[in-house]
Enquirer: 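If you scroll down you'll find the structure; I have some questions about it.
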Amino acid sequence: MNLKATILLLGLVWSFQAALGIRFVIDREECFSHKAEYEGDTLHVSFVVIKSDSQWHFNEDGVDLVIHGPTGEQIHDFREQISAKHDFVVQKKGVYRFCFTNKSPYHETIDFDVQLGHFAYYDQHAKDEHFTPLMEQISKLEEALYNIQFEQHWLEAQTDRQAIVNENMSKRAVHKALFESFALIGASVLQVYLLRRLFERKLGMSRV
């Protein structure tokens, strides 16, 4: 019983290590690798373009992401996406590459998350028929918890992006209002000046 509990704990620890979450700044192209040890695993991928290095630029074109398999084959590609989620079953074990391309002239900050679902104890250690149903339920529960965590990470990145966009739009609105106010004041001053000059000229011609 204690041995199986230890095996189960080791399996859970291994599963926690099979995840990658990173927030990075991209200029033109960045690639990341993630190794899949077993065929049949499920790879979850998500990304969100958080912000641009320019407060006056809102990137609605997004970035490109191409996923390559261990032998260089293309698994999936995203074109000009601000945010996306995707999952697929690993057909070949090995290193999978995730390459981002930024076509914008500005640096973009991207939140990138990869989760690899594999339970080592399930097929390697759970032999006792009395423990098999328990292992299955724990496996399903753990997968559900990982999916919730994965979804929360993606939603947090979406919230961060929206907060930055709202803040930048507020600043632009304030700057625009100030500019329009100064322009209106300047136009009013210019009108008063021109009217005074016009009356002065008419007054001078009347005296002559």
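We count residues from 1, following the sequence as given.
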Enquirer: Counting only heavy atoms not in K85 (residues, nucleotides, ligands), do more than 12 fall under 6.0 Å from its NZ?
Expert: yes

Enquirer: Do Y96 and F24 belong together in a cluster built from hydrophobic side chains that touch within less than 4.5 Å?
Expert: yes

Enquirer: Would you please name every residue forming a side chain to side chain donor-acceptor pair (under 3.5 Å) with D27, sequence neighbours left out?
Expert: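 Side chain to side chain donor-acceptor pair (under 3.5 Å) check on D27 returns nothing, list empty.
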
Enquirer: Does T71 have any side chain to side chain donor-acceptor pair (under 3.5 Å) partners at least two apart in sequence or in another chain, and if so, which?
Expert: E73

Enquirer: Evaluate the side-chain contact (heavy atoms from CB on, under 4.5 Å) criterion for residues H76 and F88: first the C-alpha distance (whole Å), next the side-chain angles of each, then the deciding distance (0.1 Å), finally the verdict.
Expert: CA-CA 9 Å; H76 194 77; F88 61 93; 5.9 Å; no

Enquirer: Step by step, work out the side-chain contact (heavy atoms from CB on, under 4.5 Å) result for F32 and V114.
Expert: CA-CA 10 Å; F32 301 92; V114 176; over 6 Å; no

Enquirer: Go through T101 and R79 one step at a time and tell me if the side-chain contact (heavy atoms from CB on, under 4.5 Å) criterion holds.
Expert: CA-CA 9 Å; T101 302; R79 298 296 176 183; 6.0 Å; no

Enquirer: Testing the basics here: between V48 and S83, what is the closest heavy-atom pair and its distance to 0.1 Å?
Expert: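 In terms of heavy atoms, the two residues are closest at CG2-CB, 3.8 Å.
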
Enquirer: Do I22 and I67 land in one hydrophobic cluster if side-chain heavy atoms of ILVMFWY residues count as linked below 4.5 Å?
Expert: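 Cluster IDs for I22 and I67 match.
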
Enquirer: Checking H68 now: which residues fulfil ring pair (Phe, Tyr, Trp, His ring centres under 6.0 Å) with it, not counting sequence neighbours?
Expert: none

Enquirer: Are the side chains of V63 and E80 in touch, meaning some heavy atoms are under 4.5 Å apart?
Expert: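 No. Closest side-chain heavy atoms not under 4.5 Å.
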
Enquirer: Looking at L65, L116, I75, which hits side-chain contact (heavy atoms from CB on, under 4.5 Å) with V45?
Expert: L65

Enquirer: Going from CD1 on I50 to OG1 on T159, what distance comes out if it is rounded to the nearest 0.5 angstrom?
Expert: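 Spacing of CD1 (I50) from OG1 (T159) equals 9.0 Å.
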
Enquirer: Hey, could you give me the CD/NZ distance between E108 and K51, rounded to the nearest 0.5 Å?
Expert: 11.0 Å

Enquirer: Which residues pass the side chain to side chain donor-acceptor pair (under 3.5 Å) test with K92, not counting sequence neighbours?
Expert: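 With neighbours one apart ignored, the set is empty.
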
Enquirer: Closest approach of D64 and K103, non-hydrogen atoms and distance?
Expert: OD2-CE, 2.9 Å

Enquirer: Can you confirm if the aromatic rings of F98 and F47 lie within a centre distance of less than 6.0 Å?
Expert: no

Enquirer: With sequence neighbours excluded, what pairs up with Q191 under the side chain to side chain donor-acceptor pair (under 3.5 Å) test?
Expert: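 If we apply the side chain to side chain donor-acceptor pair (under 3.5 Å) test to Q191, skipping adjacent residues, there are no hits.
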
Enquirer: Quick check for you: to the nearest 0.5 Å, what is the distance between I26 atom CD1 and N102 atom CG?
Expert: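 Nearest 0.5 Å value for the CD1-CG distance: 5.0 Å.
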
Enquirer: Can you get from V95 to L43 by hopping between Ile, Leu, Val, Met, Phe, Trp and Tyr side chains that sit under 4.5 Å apart?
Expert: no

Enquirer: Decide yes or no for P70 and K93: does some side-chain heavy atom of the first lie under 4.5 Å from some side-chain heavy atom of the second?
Expert: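 Side-chain contact under 4.5 Å: no.
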
Enquirer: Could you work out, with salt bridge (charged side-chain N to carboxylate O under 4.0 Å, His left out) as the rule, every residue matching R23, not counting sequence neighbours?
Expert: D111, D160

Enquirer: Between H86 and F78, is a side-chain contact (heavy atoms from CB on, under 4.5 Å) present by the stated rule, with each step listed?
Expert: CA-CA 10 Å; H86 181 65; F78 303 89; 3.4 Å; yes

